[in-house]
Asks: 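I have a structure I would like to understand better, so I am pasting it below and will then ask my questions one at a time.
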Amino acid sequence: MMKYQLGWIDPHGNLVSPRKHSFLLGPLCMMTGEILGSNTIQTALIAASLELIYNFTKVHEDVQEGIPRFDDRDSVWWVWGPGQAINVGDGLYALGKSSLLQLSNTKLSPHRLLKLLELFDESCMEMCEGYYLDLTYQERIDVSITSYLKMASSKTGSLFACSTGAGALTHFEDQITLKSFGEFGRKLGIAYQIRKDLAVLDNGTSKSNQNDRLLNKKKLYPIVHALEQGDLPTKRELGNIFFKRVLDKGDVSKILVILEKENSLELAQIAASEYERQAMDHLSAVGLQR
């Protein structure tokens, strides 16, 4: 089941052809290490750990949101059930930590290995808080942009910060430099979350399974913007939609019309670009050019 989640086999255990996979955290860690001239084997072990832990979050997220398909194939829970999917996610988390512990076989000092373990555990705890907030917001309409950014920073920014921070930790120990690399990743993570929200809305009128996220009353950045910045009739209209017990596809069309009227989609693009700019500023702070 874990091999299936990683895209290596089909549900029957047969090997499948390599397919496009949305690897993010591992490559980001590897690029950080390459820029700094870090030990490649050490960075690769950290990158593998990050990808395994990322997949643990995806398996659990698919269960939480009831998403039957992801990356153009059935989700683990849809094939084997929610109970087994939870086991798969927990197993991937354990494998991720195991990969990290293999660093003890390299020349990485025990002190730095403990620091990496601490960083991973703190990041996973923060990520769980972000998922908690994300789920809580589904049944609320009083979500502010500040609240959204707190959620995005925890849910997504924490693992991006862990990726760049861990890549730097094999090379640096001073807290100021490590914080700059961590904040570089965190800002990228927030920007990524906003752009991911925009992708959901961009596919909202198609037959894409992105519709499921809208029907789950997800408080995406443009929706939060319209709820906070819209006039009273706009807030009332959105409130009437989100206070419904169950949304239908007609509601999705109404939401998209409101977001266009409020210019929320364009402003979300601007916000994402701003967080990408802030990310690069953190690299400049440690002497790396844009």
Side-chain angles (χ1 to χ4, degrees), residues 23-58 60 89-133 149-193 275 278-289:
F23 291 119
L24 290 170
L25 302 177
L28 184 59
C29 178
M30 292 294 292
M31 285 189 290
T32 303
E34 184 178 358
I35 290 170
L36 298 175
S38 300
N39 182 293
T40 303
I41 294 176
Q42 291 174 354
T43 310
L45 287 170
I46 297 169
S49 181
L50 284 160
E51 287 299 335
L52 289 165
I53 287 176
Y54 172 73
N55 274 277
F56 134 66
T57 70
K58 290 307 303 173
H60 283 196
D90 292 348
L92 287 165
Y93 175 81
L95 276 179
K97 294 298 288 289
S98 177
S99 175
L100 203 61
L101 288 171
Q102 289 184 50
L103 286 163
S104 62
N105 298 323
T106 70
K107 293 182 180 180
L108 188 73
S109 69
H111 171 72
R112 292 203 187 195
L113 177 54
L114 285 173
K115 284 291 185 183
L116 279 168
L117 288 168
E118 181 181 25
L119 175 61
F120 268 69
D121 284 342
E122 288 178 350
S123 299
C124 285
M125 281 293 295
E126 187 181 0
M127 176 205 66
C128 289
E129 179 185 2
Y131 273 99
Y132 160 77
L133 292 173
L149 293 173
K150 165 63 178 171
M151 178 277 296
S153 177
S154 298
K155 177 185 172 182
T156 308
S158 59
L159 290 186
F160 274 72
C162 181
S163 177
T164 53
L169 188 53
T170 62
H171 197 80
F172 294 106
E173 279 196 275
D174 70 280
Q175 292 304 306
I176 294 177
T177 301
L178 291 175
K179 183 178 180 180
S180 291
F181 274 98
E183 285 303 307
F184 163 64
R186 185 176 298 278
K187 300 298 184 184
L188 279 184
I190 294 172
Y192 173 78
Q193 183 63 59
Y275 277 99
Q278 290 181 24
M280 299 309 296
D281 286 344
H282 284 290
L283 281 189
S284 297
V286 292
L288 294 176
Q289 297 299 317

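For this chain, numbers begin at 1 and follow the sequence in order. Everything numeric here is computed off the predicted structure, so don't read it as measured data.
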Asks: Minimum heavy-atom separation for C124 and I53, please, with both atom names.
Replies: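 Taking C124 first and I53 second, the nearest heavy atoms are SG-CG2, 3.9 Å.
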Asks: Work out which heavy atom in E126 is nearest to a heavy atom in R186; give both atom names and the distance.
Replies: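 Distance-wise, the nearest heavy atoms are OE2-NH1, 2.9 Å.
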Asks: What pair of heavy atoms forms the shortest contact from I46 to A166, and how long is it?
Replies: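 Answer, listing the atom of I46 first, then A166: CG2-CB, 3.7 Å.
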Asks: Taking the side chain as C-beta and beyond, is there a heavy-atom pair between S104 and L113 under 4.5 Å?
Replies: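 Yes - at least one pair of side-chain heavy atoms lies under 4.5 Å apart.
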Asks: Dump the intermediate steps for side-chain contact (heavy atoms from CB on, under 4.5 Å) on L108 and L116, then the final yes or no.
Replies: CA-CA 11 Å; L108 188 73; L116 279 168; 3.7 Å; yes
Asks: Distance-only, no hydrogens or angles: does the T57 side chain make a donor-acceptor pair with backbone N or O of Y54 under 3.5 Å?
Replies: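 Pair found, side chain donor or acceptor close to backbone of Y54.
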Asks: Quick one: list whatever passes side chain to side chain donor-acceptor pair (under 3.5 Å) with S38, sequence neighbours left out.
Replies: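 S38 satisfies side chain to side chain donor-acceptor pair (under 3.5 Å) with T170 only.
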Asks: If you round to the nearest 0.5 Å, how far is NZ of K58 from CG of L92?
Replies: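 The CG atom of L92 sits 13.0 Å away from the NZ atom of K58.
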Asks: With sequence neighbours excluded, what pairs up with H60 under the ring pair (Phe, Tyr, Trp, His ring centres under 6.0 Å) test?
Replies: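 For H60, the residues satisfying ring pair (Phe, Tyr, Trp, His ring centres under 6.0 Å) (neighbours in sequence not counted) are F56.
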Asks: After noting the C-alpha distance and the side-chain angles of K150 and E129, does the key distance pass the salt bridge (Lys or Arg N to Asp or Glu O under 4.0 Å) rule?
Replies: CA-CA 10 Å; K150 165 63 178 171; E129 179 185 2; 3.7 Å; yes
Asks: Measure across L36 and H171 and return the closest heavy-atom pair with its distance rounded to 0.1 Å.
Replies: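 The answer is O-CE1, 2.9 Å.
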Asks: I need the M127 CE to S123 OG distance, nearest 0.5 Å.
Replies: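 If I round to the nearest 0.5 Å, the distance is 9.5 Å.
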Asks: Count the heavy atoms of every other residue, nucleotide or ligand shown that sit under 6.0 Å from NZ of K179, and state whether that count exceeds 12.
Replies: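 Not buried by this count: 12 neighbours or fewer within 6.0 Å.
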Asks: Look up atom CE in M30 and atom CD1 in I35, then write down how far apart they are to the nearest 0.5 Å.
Replies: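 Answer for the CE-CD1 pair, M30 versus I35, is 12.0 Å.
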Asks: Could you check whether any side-chain N or O of T32 sits under 3.5 Å from a backbone N or O of G167, counting only pairs where one atom can act as donor and the other as acceptor?
Replies: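 A pair under 3.5 Å: no.
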Asks: For the CD1 atom on I176, are there more than 12 heavy atoms of other groups (residues, nucleotides or ligands in this structure) within a distance under 6.0 Å?
Replies: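 Count not over threshold, so no.
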Asks: Closest heavy-atom contact between L50 and C162?
Replies: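 Smallest heavy-atom distance, with atoms named: CD2-SG, 4.0 Å.
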Asks: For residues L28 and L188, determine if any side-chain heavy atom of one lies less than 4.5 Å from a side-chain heavy atom of the other.
Replies: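 Yes. Closest side-chain heavy atoms under 4.5 Å.
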Asks: S180 and V286: which non-hydrogen atoms are nearest, and at how many Å?
Replies: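 Minimum heavy-atom separation between S180 and V286: CB-CG1, 3.4 Å.
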Asks: Establish, from distance only, whether the side-chain atoms of S284 and D281 form a donor-acceptor pair under 3.5 Å.
Replies: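 On atom types as modelled, these side chains do not qualify, holding no pair under 3.5 Å.
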Asks: Nearest 0.5 angstrom please: S109 OG to L114 CG, how far?
Replies: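 That separation rounds to 8.5 Å.
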Asks: Given F160, which partner from the list F181, F184, Y275, Y192 fulfils the ring pair (Phe, Tyr, Trp, His ring centres under 6.0 Å) test?
Replies: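 Among F181, F184, Y275, Y192, the one that satisfies the ring pair (Phe, Tyr, Trp, His ring centres under 6.0 Å) with F160 is Y192.
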Asks: Distance-only, no hydrogens or angles: does the E51 side chain make a donor-acceptor pair with backbone N or O of L25 under 3.5 Å?
Replies: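 At least one qualifying donor-acceptor pair exists.
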Asks: Could I get the full list of side-chain contact (heavy atoms from CB on, under 4.5 Å) partners for I41, not counting sequence neighbours?
Replies: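 In terms of side-chain contact (heavy atoms from CB on, under 4.5 Å), with neighbours along the sequence ignored, I41 is linked to N39, L45, T106.
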Asks: Is it possible for you to check whether K155 lies under 6.0 Å from the centre of the six-membered ring of Y131, through NZ or CZ, and within 45° of that ring's axis?
Replies: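 Cation-pi check for K155 and Y131: passes.
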Asks: Is any side-chain heavy atom of K115 closer than 4.5 Å to a side-chain heavy atom of E173?
Replies: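 No, their side chains stay 4.5 Å or more apart.
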Asks: Between atom CD of E183 and atom OG of S153, what is the distance when rounded to the nearest 0.5 Å?
Replies: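 Rounded to the nearest 0.5 Å, the CD-OG separation comes out at 7.5 Å.
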Asks: If I take atom CZ from residue R112 and atom CG from residue L169, how far apart are they, to the nearest 0.5 angstrom?
Replies: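 Reported to 0.5 Å precision, the distance equals 6.5 Å.
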Asks: Could you check whether any side-chain heavy atom of L283 comes within less than 4.5 Å of a side-chain heavy atom of M280, counting everything from C-beta outward?
Replies: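 SC-SC contact between L283 and M280 confirmed.
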